[in-house]
Amino acid sequence: MSRAPAMHPPKVETFDLAASVNTDPKGFHRPVDTYRVEPWGLYMARPADHPQFHYLESWLVPSMGIRATIFHFTPGHERDQDRYVDIGQFDPGPSRWTSRDLYLDLVVRTGRDTRLLDVDELLQATAENLVDAATAEEAITVAAAAIDGIAAHDHDLDAWLGSLGMPLSWR
């Protein structure tokens with residue numbers, strides 16, 4: 001009987017506002033074009049050297065447990081999605097924010113649908129004690145609330161957060 005490969009621990013990322021640097025989960029320091037802090041969240045826009053996308057924009061919204069991202073795909077790598085949402089824990093600070101990804105993701109296709117991804121990863125991480133049961137339950141609760149809110153606004157993430165007093169603006 002084959003066993004699934006070991007799951008990676010939750011991905012941790014830092015956002016250094018003073019230095020205009022984003023340190024990705026692999027420890028690479030990425031220069032940031034824009035950080036903008038709102039009372040309810042942090043916006044980041046930066047170039048990317050990924051083969052499938054050349055630029056990304058994200059909003060970290062700690063009270064909702066989400067990170068919403070627009071990927072600017074390179075030609076030939078486009079995906080049928082408008083927003084990508086990571087479920088996680090976010091710790092804001094005056095000059096540095098941190099995020100801890102909790103495996104679950106949502107793909108939002110505005111006006112059409114919202115899909116939940118990577119449930120298997122969360123379950124495997126929980127089975128391997130990389131996250132405790134309470135944290136896994138929190139991730140599921142956050143994802144369900146986000147799906148409900150987005151769906152109630154015609155699968156429009158921006159409209160949902162705007163209705164909560166968190167208007168998103170993008171580049």
Side-chain angles (χ1 to χ4, degrees), residues 8-50 52-73 79 81-108 110 114-118 121-122 125 130-131 134-150 153 155-171:
H8 62 80
K11 295 176 181 176
V12 175
E13 197 165 344
T14 60
F15 306 83
D16 186 331
L17 308 182
S20 291
V21 170
N22 168 225
T23 304
D24 72 13
K26 294 179 180 173
F28 293 105
H29 299 275
R30 310 287 185 186
V32 172
D33 290 341
T34 305
Y35 276 129
R36 185 169 66 248
V37 178
E38 297 291 343
W40 46 265
L42 173 67
Y43 171 78
M44 177 191 71
R46 69 167 177 79
D49 59 0
H50 193 277
Q52 296 181 7
F53 58 92
H54 60 89
Y55 204 84
L56 66 90
E57 301 175 75
S58 291
W59 275 102
L60 282 64
V61 186
S63 67
M64 304 305 289
I66 64 170
R67 174 183 180 171
T69 299
I70 294 176
F71 292 100
H72 297 269
F73 293 104
R79 292 190 187 171
Q81 68 185 42
D82 299 302
R83 306 287 185 266
Y84 192 90
V85 179
D86 294 289
I87 305 301
Q89 297 169 323
F90 304 92
D91 184 23
S95 63
R96 178 182 157 116
W97 289 47
T98 59
S99 70
R100 181 176 178 238
D101 186 275
L102 295 178
Y103 303 96
L104 298 179
D105 301 305
L106 307 176
V107 171
V108 180
T110 304
T114 302
R115 291 179 287 144
L116 174 63
L117 306 176
D118 301 331
E121 289 185 13
L122 176 62
L130 296 171
V131 296
T135 301
E137 182 178 358
E138 172 191 336
I140 293 165
T141 300
V142 166
I147 292 167
D148 285 349
I150 295 165
H153 289 83
H155 297 285
D156 187 330
L157 173 83
D158 295 17
W160 170 54
L161 290 175
S163 78
L164 299 172
M166 299 179 226
L168 303 184
S169 59
W170 305 92
R171 185 175 92 135

Under 3.5 Å, which donor-acceptor pairs link side chains of residues 85-95 to any protein atom two or more places apart or in another chain?
unit_1: Gln89; atom_1: OE1; unit_2: Arg100; atom_2: NH1; d: 2.8
unit_1: Gln89; atom_1: NE2; unit_2: Glu138; atom_2: OE1; d: 3.4

Hey, could you give me each pair passing ring pair (Phe, Tyr, Trp, His ring centres under 6.0 Å) that has a residue in residues 8-30? Not counting sequence neighbours. His8-Tyr103

By salt bridge (charged side-chain N to carboxylate O under 4.0 Å, His left out), Asp24 pairs with (sequence neighbours left out) Arg30

Can you tell me how far CD1 of Ile150 sits from CG of Leu161, rounded to the nearest 0.5 angstrom? 7.5 Å

How far apart are the C-alpha atoms of Gln81 and Arg115, what are their side-chain angles, what is the distance that settles it, and do they pass the side-chain hydrogen bond (donor to acceptor under 3.5 Å, both in side chains) test? CA-CA 10 Å; Gln81 68 185 42; Arg115 291 179 287 144; 5.8 Å; no

Results of side chain to side chain donor-acceptor pair (under 3.5 Å) for Glu121 - residues two or more places apart only: none

Report yes if the side chains of Arg46 and Leu56 come closer than 4.5 Å at any heavy-atom pair, otherwise no. yes

With sequence neighbours excluded, what pairs up with Phe53 under the ring pair (Phe, Tyr, Trp, His ring centres under 6.0 Å) test? His50, Phe71

Please enumerate all residues that pass ring pair (Phe, Tyr, Trp, His ring centres under 6.0 Å) together with Trp40, with sequence neighbours excluded. Trp59

Tyr35 and Asp16 have their tightest heavy-atom pair at CE1-O, 3.2 Å

Who passes side chain to side chain donor-acceptor pair (under 3.5 Å) against Glu13, sequence neighbours left out? Asn22, Arg67

Under the rule for side chain to side chain donor-acceptor pair (under 3.5 Å), what residues qualify as partners of Ser99, not counting sequence neighbours? none

Nearest heavy-atom approach of Pro10 to Val131 is CG-CG1, 3.7 Å

Does Arg83 reach the side chain of Ile70, with side-chain heavy atoms less than 4.5 Å apart? yes

Just to verify, what does Asp118 make a salt bridge (charged side-chain N to carboxylate O under 4.0 Å, His left out) with, not counting sequence neighbours? none

Which pair of heavy atoms, one from Leu122 and one from Ala139, lies closest together, and at what distance? CD2-CB, 4.1 Å

Can you give me every donor-acceptor pair (side chain of residues 163-171, partner residue at least two apart or in another chain, under 3.5 Å) with its distance?
unit_1: Ser163; atom_1: OG; unit_2: His153; atom_2: NE2; d: 3.3
unit_1: Ser163; atom_1: OG; unit_2: Trp160; atom_2: O; d: 2.6
unit_1: Ser169; atom_1: OG; unit_2: Arg36; atom_2: NH2; d: 2.5
unit_1: Trp170; atom_1: NE1; unit_2: Asp158; atom_2: OD2; d: 2.9

Under the rule for side chain to side chain contact (heavy atoms under 4.5 Å, CB included), what residues qualify as partners of Leu116, not counting sequence neighbours? Leu104, Leu106, Val119, Ala143, Ile147

Is the count of non-hydrogen atoms from other residues, nucleotides or ligands lying under 6.0 Å from Glu137 atom CD greater than 12? no

Does Tyr43 have any side chain to side chain donor-acceptor pair (under 3.5 Å) partners at least two apart in sequence or in another chain, and if so, which? Glu57

